2 protein chains.
Amino acid sequence: MESGAPLKSSTLADSVFDRLRTAIVKGELPPGSKVNEPQLSKQYGISRGPLREAIRRLEGCKLVEIKPNAGAKVISLNREQAIEIYEIRESLEGLACRLAAAKASADDCLALRELLAKHEQQIESADGRLYYQKEGDLDFHYLIIQLSGNTRLFNLLCGELYHLLRLYRVQTSSEPSRPVQAFKEHHQIVDAIENQDAELAELLMKRHIAHARHALMTRLDTDPVSGKYQDSAITRIKVAGGEV
Amino acid sequence: MESGAPLKSSTLADSVFDRLRTAIVKGELPPGSKVNEPQLSKQYGISRGPLREAIRRLEGCKLVEIKPNAGAKVISLNREQAIEIYEIRESLEGLACRLAAAKASADDCLALRELLAKHEQQIESADGRLYYQKEGDLDFHYLIIQLSGNTRLFNLLCGELYHLLRLYRVQTSSEPSRPVQAFKEHHQIVDAIENQDAELAELLMKRHIAHARHALMTRLDTDPVSGKYQDSAITRIKVAGGEV
DNA sequence: ATTCGAATAATTGTTGACATATTGCAGATT
DNA sequence: AATCTGCAATATGTCAACAATTATTCGAAT
């Protein structure tokens, strides 16, 4: 009977950890902003104890920085740090793709093909708006990482780096970019996986992510709204939605 | 004046986090053992509040697993997980080595040479005992990762994966292995970095770590004391040193 | 008027106590 | 004798209050 509501974490610290992490990656808690314990405890209707535990867990995930006697602040990613993350992601997703190519079964390849077909429909149907990149791209990468069979790699990429990238995307107010080209590259990657060509699959995935990185960087150069985001006025705005 | 004692963390949660992490990677808290809050709070002479914050931070670092209403347990690495970590490490240290080769200055190369010379002395002086591998190998890898200039990569490799590997080494009661061969490989790597041959440096580093992994795995096959470590009787022994 | 300093307010760090869930044990029943 | 049930003990989850440090504001002196 009570299995119908598994969403609510049984402990308050876990629950507020999820809510805080979501608030951070969605930008409701802007990068660089202070994490005010009394305010958040009132906002979430809990005591400061579980809240502090959740913040400490966020610190372990590197989503906030805590200075003694000064409180926690949401991390703020600058351009250099985004490059660092993309370098790591390029290397690790290349690894994941190589592993996936080496051990992918026929059913796995079929699932990849179906995913690509679904994305193609979405590209054709959504005229111009291109819902594709935001969810579809992640689905594709997630599936390949899952196929790699390396659980820790999956947690690292999809659990930690993913949140950091989401945080950066919300900073740069990114829109989908180069979806058609990305779609072609996805097909190439699946071809390599189907042929069990592990080396080629790794190379193509690394190049695919390098392309995405360059697209992001050139957009950062043309769109100067982000980049030197931290310590600017926009980081000091009050957190919205404080009434609930 | 007060700069002489930076060791003592100003907050209890940070301090006990360091002590707990050290206790875990040193094996004083064996893998799979329960993290008993009342006992540890008495042992460290603090309240349960900061202790729980430290445990939550350890959870964020993936060094303990917390089940609601059941407490925290030290993670236990089996053979598959060790392989997973080595796969990630191979990829990331290859990346670090490539980056280091691309941007290493003449002084950096000199520092690498000096480090290798120091290691050579230690190999020659320590007759058979071979103090080398344990500290020297880490020094070498640390320096290269630092030369990569990627701060997040440094934190990831030297901060998180390093602790996991230490934990696994203490599980397998590892001794130094194949130090002479490793020393040769270190020289090859530095040669590539000096020549600014980034691709070769990456390849050599990845192969170097693959060799280390294979050495560990073959030793695991011959020495059956580890491997299926978790849930065995040895994980249920009481934590030693409970009197202080 | 500006700057320095002290008092005040707010926030963080820490503790002990209370509520709740789990574990282990003892005794009764089949 | 074995199993099930209920109670006791232990551990975890949560909260409110206290202590200590930091930020702020108000006032005084140059």
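Every value quoted in this text rests on a predicted model; they were computed, and no experiment measured them. Residue numbers start from 1 in every chain, and the chains themselves are labelled A, B, ... in the order their sequence lines are given, proteins ahead of strands.
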Exercise. Which part of the nucleic acid, if any, lies within contact of B:G49, taking any heavy atom under 4.0 Å across all strands shown: a base, the sugar-phosphate backbone alone, or nothing?
Worked result: base
Exercise. With sugar-phosphate meaning primed atoms plus P, OP1 and OP2, does B:V35 contact a base, only sugar-phosphate, or nothing at under 4.0 Å between heavy atoms?
Worked result: sugar-phosphate
For this session: Taking all non-hydrogen atoms of both residues into account, name the closest pair between A:S148 and A:L153 and its distance.
Result: OG-CD2, 4.1 Å
For this session: Give the rounded distance in Å between these two atoms: CZ of B:F17 and P of C:dG13.
Result: 15 Å
Exercise. Atom CG of A:N69 to atom P of D:dA20: distance rounded to whole Å?
Worked result: 12 Å
Exercise. Can you check whether B:L157 reaches B:Y142 side chain to side chain, under 4.5 Å on heavy atoms?
Worked result: no
Problem set entry | Nucleotide nearest B:P50 when distance is taken to its side chain, options D:dC15, C:dT14, D:dA11 | C:dT14
For this session: Specify the residue among A:A70 and A:S47 whose closest nucleotide of DNA chain D lies further upstream toward the 5′ end.
Result: A:S47
Exercise. To the side chain of B:R48, which of C:dT12, D:dG13, D:dA11 is closest?
Worked result: D:dG13
Problem set entry | Test: A:K206 and A:E90 ion pair at under 4.0 Å | no
Exercise. Do the non-hydrogen side-chain atoms of B:I144 and B:L112 ever get within less than 4.5 Å of each other?
Worked result: yes
Exercise. Roughly how many Å is it from NZ in B:K67 to P in C:dT20, rounded to a whole number?
Worked result: 24 Å
Problem set entry | Contact under 4.0 Å: B:R52 side-chain N or O vs D:dG13 OP1/OP2 | yes
Exercise. How close or far is atom C1' of C:dT15 from atom CD of B:E37, stated in whole angstroms?
Worked result: 15 Å
Problem set entry | Phosphate-side-chain proximity, A:K34 and C:dT12, N/O vs OP1/OP2 below 4.0 Å | yes
Exercise. Just how far, in rounded Å, is C1' of C:dG13 from CG of A:L51?
Worked result: 14 Å
For this session: To the nearest Å, give me how far apart OH (B:Y44) and P (C:dT15) are.
Result: 15 Å
Exercise. Would you say the side chain of A:N150 lies within less than 4.5 Å of the side chain of A:L156, judging by non-hydrogen atoms?
Worked result: no
Exercise. Do the side-chain N or O atoms of B:T11 get closer than 4.0 angstrom to the phosphate oxygens (OP1, OP2) of C:dT14?
Worked result: yes
For this session: For B:N36 and C:dT22, give me the distance from atom CG to atom P, rounded to whole Å.
Result: 17 Å
For this session: Take atom CD of A:E59 and atom P of C:dG13, then tell me their distance rounded to the nearest Å.
Result: 10 Å
